[in-house]
Number of protein chains: 2
Amino acid sequence: MTGPVLDLAARYQAGDLRALARAVTLAEAGLPAARPLLKIARSGGIRSVVVGITGSPGSGKSTLTDALISVLRAQGKRVAVLAVDPSSPYSGGAILGDRIRMLRWHADSGVFVRSLASRGALGGLSARTMAVLALLEGGGPPEKHCDWIILETVGVGQSEVDVAAACDHTLLVVTPAGGDGVQAFKAGIMEIADVIAVNKSDLPGSSRTVRELTSAQALGWHDQHSWLAPVRKTIASAGEGIESVVEAILKHRAHLGEAGLAERRRLRAEFEVRSLVQERLLRRARNAGGELYARVARGELDAEAAADQLLSGP
Amino acid sequence: MTGPVLDLAARYQAGDLRALARAVTLAEAGLPAARPLLKIARSGGIRSVVVGITGSPGSGKSTLTDALISVLRAQGKRVAVLAVDPSSPYSGGAILGDRIRMLRWHADSGVFVRSLASRGALGGLSARTMAVLALLEGGGPPEKHCDWIILETVGVGQSEVDVAAACDHTLLVVTPAGGDGVQAFKAGIMEIADVIAVNKSDLPGSSRTVRELTSAQALGWHDQHSWLAPVRKTIASAGEGIESVVEAILKHRAHLGEAGLAERRRLRAEFEVRSLVQERLLRRARNAGGELYARVARGELDAEAAADQLLSGP
């Protein structure tokens, strides 16, 4: 560790936002200089409410994030927002406009906004996103750290499942339109939701959507200790129903308790380590000249032997 | 290799269906005795049209599979059906009834039906399912091998993506009801479809669904060489439109050509090897006493170091 890195560590620990931004850049790039900072960050324990926001495109995730910032700032909380786009040819488009709207928080030192575009080895979130979350949580002294961290992703499928692995609380956003609720149930997304917001609830059918969601929950498998995600109506664009969402999240936090939160953090670490392993294996497979899998397909190499070869490196 | 194994191999190569069933059982259990059989199977090259069927619950995948068997048998083709259920608490239920219906093929030696319940390390298909596919393709002399292999899965999400990795052709089944087409587009499932069947097309809205799907395709990213999945109306329960689906699949096969098919087989081998690696890593993580990830979460162990530890075994 050389001088500038120690400097950065000291500034990061002091809660300097530019040092935090620099630390995030190092972690996003996967540079070794991020490692001492991560060690500092993680040894600080659980300090932030980490909320992941998921939902189909057009459900208003970004607007809801913005409304959550407003409410949390009014309560005097410091908020970090991490917007991740593990882009696919079909997503993108709207995100730039959404991000520009968030620029209005630029002058507020209690709000830290960052976008990441890193795509994980499995198509969803990357190990680096987990590292960035840890950095956001661990920066600054008690009076300057992030109280809340909001992780918002573009894209569906793998990213949605990954959000649940990365966060303490998963907020699912649906709308009354297009049978969103039923679809979430069918797609197994409801299983990962800790709180559900029926957004755009000024549209027709919002009460029906709430009913559908709660009856779908009643069908699900759960015992007396399990959590039934509260369903809350919101109109994010008008800031309506947002406090109630914040309360539901905190209720879920109380339900988790210290042991539950520690378990969620363990799951996040597991996700990070497994993603790193996956990335290395991909590199090894590429180093094997791309012929490895073709040889298995032709019966020249046993699949088990190929797995052994990948695991033994380099 | 002892006597009985050689015996089994000889009978498997001769096209004995009971030997094939035994080989599948060995591969499903992950037993070493399956390995010489797999070597035989894979060295035979590409012999079967391997079709994966995907679609939301209730779209009629099983009925369509049944109708496909009828049409293919009438054309004198030998057919194997592999039904896979990587079960989740929300799926199941209907599958037993569906499978019972398929018993009507029991007396037909040109139809081989098998169910698997193995769940992959990532929640979708397992490496063993890939091995079973290879065994189905490689059994018997030219005049007795499977002309078509149909892979049908219960469940959504990861399994759907895995089906595309496992097969030569992915048939997506949607219905006119519930905005299935639009949902498939939103969920990125359309990207993996090679042929789309709008099933239950006697229901209202089927022409609108076809229009929605084709206009969604027009929005997608593709160059002049890429394949636009043909959209075909079917009523599987009445056997209507099935020949047209078979034709569309064969058209896609011609589009792939020899190089495209070899690439699909390479992808299947890649899926198998990567799944095996994943299973071993899971075992290693368990051997590490479950404390590995908790130590990362607490900052006592670096995520990179944990990844190294997992990769270095045992």
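Hydrogens, waters and symmetry mates are skipped; everything else that's a heavy atom, side chains included, is used. In what follows, every chain begins at residue 1, and chains take the letters A, B, ... in the order their sequences are listed. Just so you know, these numbers come straight off a predicted model, no measurement behind them.
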### Message
As a quick check of understanding, evaluate side-chain contact (heavy atoms from CB on, under 4.5 Å) for A/Met130 and B/Val296, giving each step before the final call.
### Response
CA-CA 12 Å; A/Met130 306 301 125; B/Val296 172; over 6 Å; no
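Contacts of B/Leu281 with chain A are made by side-chain atoms alone, with heavy-atom separations under 4.5 Å and no backbone atom involved. Contact of B/Glu270 with chain A is made through backbone and side chain together, with heavy-atom distances under 4.5 Å. Heavy atoms of B/Arg295 lying under 4.5 Å from chain A are absent altogether.
Proximity of A/Asp302 to B/Arg42: side-chain heavy atoms (C-beta onward) are nowhere separated by under 4.5 Å. Contact of the A/Arg268 side chain with the B/Tyr293 side chain is not registered, since no non-hydrogen atoms from C-beta on lie closer than 4.5 Å. Residues B/Leu310 and A/Val273 meet the side-chain proximity criterion, which asks for heavy atoms closer than 4.5 Å. Between B/Arg298 and A/Arg266 the shortest side-chain heavy-atom distance does not fall below 4.5 Å.
Note: B/Glu300 CD to A/Lys39 NZ = 8.0 Å, rounded to the nearest 0.5 Å.
In plain terms, the two heavy atoms of A/Ala297 and B/Ala269 that are nearest each other are N-CB, 3.7 Å.
Salt bridge present: A/Glu304 and B/Arg280 bring a charged side-chain N and a carboxylate O closer than 4.0 Å.
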